[in-house]
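Inspection log for the structure reproduced underneath, given as structure tokens.
For clarity, every value in this text was computed on a predicted model and none was experimentally measured. Protein chains get the first letters and strands the later ones, always in sequence-line order, with residue 1 at the start of each.
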Amino acid sequence: MAGTSVLQRTNFFSPPADPPQSSDLNLRLKEQHCLSLLKSCNNLEEFKQAHAQIVKWGFFWNSFSASNLVAASALSDWGSMDYACSIFRQIDDPGTFEFNTMIRAYVKDMNFGEALAFYCEMLERGVEPDNFTYPALFKACAWLKAKEEGMQIHGHSFKLGFETDVYVQNSLINMYGKCGQIEHAGAVFEQMDEKSVASWSAIIAAYASLGMWSECLMVFGNMSSEGCWRPEESTLVTVLSACTHLSALDLGKCTHGALLRNISGLNVIVQTSLIDMYVKCGCLEKGLSLFHRMAERNRMSYTVMISGLAMHGHGEEALRIYSMMLEEGIEPDDVVYVGVLSACSHAGLIDEGFECFDRMKSEHGIEPAVQHYGCMVDLMGKAGMINEALEFINSMPIEPNDVVWRSLLSACRVHCNLEIAEIAAKHLFQLSSQNPGDYVILSNMYAQAEKWPEVAKIRMEMARKGLNQVPGFSLVEVGRRIHKFVSQDTSHPLCKSIYEMIHQMEWQLKFEGYTPETSQVLLDVDEEEKAQRLKGHSQKLAIAFALIHTSQGTPIRIARNLRMCNDCHSYTKLISIIYEREITVRDRNRFHHFKDGTCSCRDYW
DNA sequence: TTAGGGTTAG
């Protein structure tokens with residue numbers, strides 16, 4: 001057999017009768033021949049045969065062949081790292097490349113501890129790491145969330161002068177992001193002379209994983225303006241997620257446009273993110289139509305749709321989608337059931353809620369978790385079944401958490417049950433709840449009952465614990481900018497015109513028979529002061545601002561951090577008639593669509 | 001002679 005034909009031959013598994021004619025080939029050619037054989041292997045069995053043949057030929061045990069054996073083998077893909085390791089151990093004097101190969105292979109195999117152990121061995125044996133060593137190590141630390149080790153190894157790479165290697169920097173951003181050390185990730189990012197698409201993706205993902213959505217969008221904006229923008233599906237999905245959390249519909253729509261222009265054939269992940277964005281930004285119809293047009297749906301798509309419908313109070317429709325999911329043969333999980341139960345709770349579907357709660361375990365073998373119990377307490381509480389809800393909590397086989405007790409406390413507030421509110425609050429305080437809202441609710445209930453000494457006691461307790469009432473705020477998007485209003489806000493640059501608008505609205509509201517519901521202003525102050533307080537609620541400021549700055553008929557969408565007060569609810573209903581606007585408000589629990597003087601929640605919330 | 005970074009939905 002001629003030398004050239006040996007080199008060209010890649011199908012090792014009809015092996016030649018004789019080994020390559022070593023007298024005819026120089027060492028390099030032999031090595032390349034070995035490599036091409038190894039690369040042609042498709043599984044471990046073929047690989048072992050190739051390995052044995054090369055050893056038989058007698059020119060395997062130089063370090064080049066051995067390391068390439070590991071490198072070319074995809075041994076980690078075949079779950080054969082023990083075999084790779086046995087090869088490595090036969091190398092007399094492994095160098096940087098051999099160690100790098102092992103570290104990379106272990107990282108690929110998701111065996112991060114072993115990767116770090118090889119790095120330690122490398123240092124112990126005095127083998128100097130190079131710039132190829134570090135990205136793999138940082139990836140291992142990222143997965144392990146090994147903050148301390150990561151920082152220590154960062155120190156090594158710095159000393160060796162790899163601080164400006166773009167691959168090292170990108171993996172550092174990823175590592176610090178995954179370890180929650182966002183300021184370190186940001187520092188590495190800022191110091192980079194040349195940022196690659198991977199650098200931007202890494203920092204955007206880091207902000208997203210910590211829920212720092214505004215920063216996420218800001219960095220994305222900078223990426224575009226610095227001309228380093230390549231529309232990548234994954235980045236755009238992260239941006240969509242940020243829009244969802246910030247209720248930034250206009251930007252979400254732009255992102256949808258960018259996806260349609262740049263990515264052909266949106267996959268199920270992108271479509272699910274789009275549905276989630278539209279639904280959580282208040283456009284339920286748009287979300288539904290995308291959902292029904294999907295060619296392929298998975299459990300996640302169903303979850304998004306079911307919990308979206310739940311937030312909008314469309315309980316029956318949510319249950320229809322849930323049945324559709326079962327018919328399609330998709331097995332529900334615990335998160336789907338949180339959506340289903342909350343749909344029942346928001347829509348007042350008591351019997352259906354209990355039925356689903358039972359089916360969850362009996363038909364799908366899902367043991368109810370504390371969130372599911374929470375939904376059931378909410379379901380009963382909203383319907384005014386306060387005593388039943390308390391009994392239900394007392395019979396729970398698992399320990400109720402603060403969310404469960406808080407659900408009960410909220411229900412007590414709505415249905416004015418001070419006695420059980422005290423029980424719920426006692427449990428919350430025992431659970432060392434640091435949530436100022438719990439104290440505020442109880443104190444407000446005492447105020448409503450005109451029990452002023454108790455009010456003072458609670459307020460003092462709050463002060464002693466250093467808890468401050470969380471100020472209510474509302475977000476409204478006007479001209480692709482999110483404007484934030486805090487209760488009693490006077491900081492907005494257009495503050496004067498906003499308060500003038502509030503004044504004008506007030507006159508029109510009076511014609512419609514509006515009287516401020518001062519009963520929820522729970523301060524020991526006179527009626528006029530109470531009415532004054534109500535006027536400054538952040539939702540009203542946001543509505544006034546939007547009425548000034550958007551044209552007639554434009555829908556107004558608001559997102560707020562707290563639950564709406566009764567006064568804002570009835571106020572907004574009237575505004576929707578007077579100004580002929582559809583107003584959508586997302587509070588911490590659900591959506592309210594105000595139109596023609598009514599709200600989609602039918603005053604059940 | 002060989003090898004490297006980021007990456008998405010509830």
Side-chain angles (χ1 to χ4, degrees), chain A residues 27-32 34-35 38-39 62-72 95-105 107-108 129-139 142 162 165-175 177-178 185 188-189 192 194-206 208-209 216 223 228 230 232-245 255 259 263 266-277 279-280 294 297-308 310-311 332-340 342 371:
Chain A
L27 184 65
R28 180 65 43 80
L29 287 175
K30 289 179 196 170
E31 286 170 348
Q32 287 190 354
C34 292
L35 258 179
L38 294 169
K39 281 181 178 164
N62 65 67
S63 117
F64 166 67
S65 298
S67 53
N68 279 293
L69 175 60
V70 180
T96 303
F97 178 68
E98 288 71 34
F99 272 103
N100 285 355
T101 304
M102 289 306 287
I103 291 170
R104 280 170 22 79
V107 169
K108 203 166 150 199
D130 64 8
N131 52 337
F132 284 85
T133 318
Y134 288 102
L137 291 172
F138 292 137
K139 196 170 183 175
F162 303 127
D165 184 300
V166 68
Y167 289 89
V168 173
Q169 289 170 316
N170 289 344
S171 54
L172 271 170
I173 296 169
N174 173 44
M175 190 260 301
K178 293 276 187 326
V188 175
F189 181 77
M192 291 180 81
E194 263 185 59
K195 300 175 175 82
S196 65
V197 174
S199 326
W200 291 97
S201 306
I203 195 77
I204 289 173
S209 70
C216 198
M223 181 186 185
C228 191
R230 192 204 302 156
E232 287 194 334
E233 201 176 72
S234 54
T235 316
L236 294 177
V237 167
T238 308
V239 169
L240 274 181
S241 183
C243 294
T244 306
H245 285 92
T255 311
L259 280 160
I263 313 286
L266 303 184
N267 67 25
V268 65
I269 297 179
V270 179
Q271 292 188 54
T272 305
S273 317
L274 280 168
I275 294 168
D276 198 33
M277 186 276 291
V279 170
K280 294 220 177 97
M294 280 175 99
R297 300 184 195 96
N298 61 18
R299 187 188 291 152
M300 203 83 111
S301 335
Y302 276 103
T303 312
V304 162
M305 202 62 251
I306 292 169
S307 47
M311 286 180 83
D333 68 0
D334 55 331
V335 191
V336 171
Y337 269 105
V338 172
V340 169
S342 78
Q371 307 95 289

statement: CG (A:Asn267) and CE (A:Met294) are apart, to the nearest 0.5 Å, by 9.0 Å
Under 4.0 angstrom, heavy atoms only, what part of the nucleic acid is [X] near: base, sugar-phosphate, or nothing?
X	value
A:Val336	base
A:Ser307	nothing
A:Ser273	sugar-phosphate
A:Val335	base
A:Thr133	nothing

message: Is a donor from one side chain sitting under 3.5 angstrom from an acceptor on the other, for A:Ser199 and A:Ser196?
response: yes
Would you kindly give the [atom1]-to-[atom2] distance between [X] and [N], to the nearest whole Å?
X	N	atom1	atom2	value
A:Gln169	B:dG4	CD	C1'	14 Å
A:Asn170	B:dG4	CG	P	15 Å
A:Leu236	B:dT7	CG	P	16 Å
A:Asn298	B:dA9	CG	C1'	8 Å
A:Leu266	B:dT8	CG	C1'	13 Å
A:Ile275	B:dT8	CD1	P	20 Å
A:Asn267	B:dA9	CG	P	11 Å
A:His245	B:dT8	NE2	P	14 Å

Look at the side chain of [X] and the base of [N], then say whether one donor and one acceptor between them are separated by less than 3.5 Å.
X	N	result
A:Ser171	B:dG5	no
A:Asp165	B:dG4	yes
A:Asp334	B:dG10	no
A:Ser196	B:dG5	yes

- prompt: Please walk me through it: do A:Phe97 and A:Asp130 pass side chain to side chain contact (heavy atoms under 4.5 Å, CB included)?
  reply: CA-CA 9 Å; A:Phe97 178 68; A:Asp130 64 8; over 6 Å; no
What's the closest nucleotide to the [X] side chain, out of [options]?
X	options	value
A:Pro135	B:dG5, B:dT8, B:dA3	B:dG5
A:Val237	B:dG4, B:dT8, B:dG10	B:dT8
A:Glu233	B:dT8, B:dG4, B:dG5	B:dT8
A:Lys139	B:dG5, B:dG10, B:dT7	B:dG5
A:Asp276	B:dG10, B:dA3, B:dT8	B:dG10
A:Val168	B:dT8, B:dG10, B:dG4	B:dG4
A:Phe97	B:dG10, B:dA3, B:dT8	B:dA3

Check whether any side-chain nitrogen or oxygen of [X] sits under 4.0 Å from OP1 or OP2 of [N], and answer yes or no.
X	N	result
A:Asn100	B:dT2	no
A:Lys280	B:dA9	no
A:Arg299	B:dG10	no

statement: With sequence neighbours left out, the residues meeting ring pair (Phe, Tyr, Trp, His ring centres under 6.0 Å) with A:Phe132 are none
field: Parallel, tilted or perpendicular: rings of A:Phe162 and A:Tyr134 (30°, 60°)
entry: tilted
Residues in side-chain contact (heavy atoms from CB on, under 4.5 Å) contact with A:Ala206, at least two apart in sequence or another chain: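 Only A:Ile182 meet the side-chain contact (heavy atoms from CB on, under 4.5 Å) criterion with A:Ala206.
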message: Ring centres within less than 5.5 Å and planes less than 30° apart: is that true of A:Tyr167 and B:dG4 in this structure?
response: yes
- prompt: Would you say the side chain of A:Ser307 lies within less than 4.5 Å of the side chain of A:Val338, judging by non-hydrogen atoms?
  reply: no
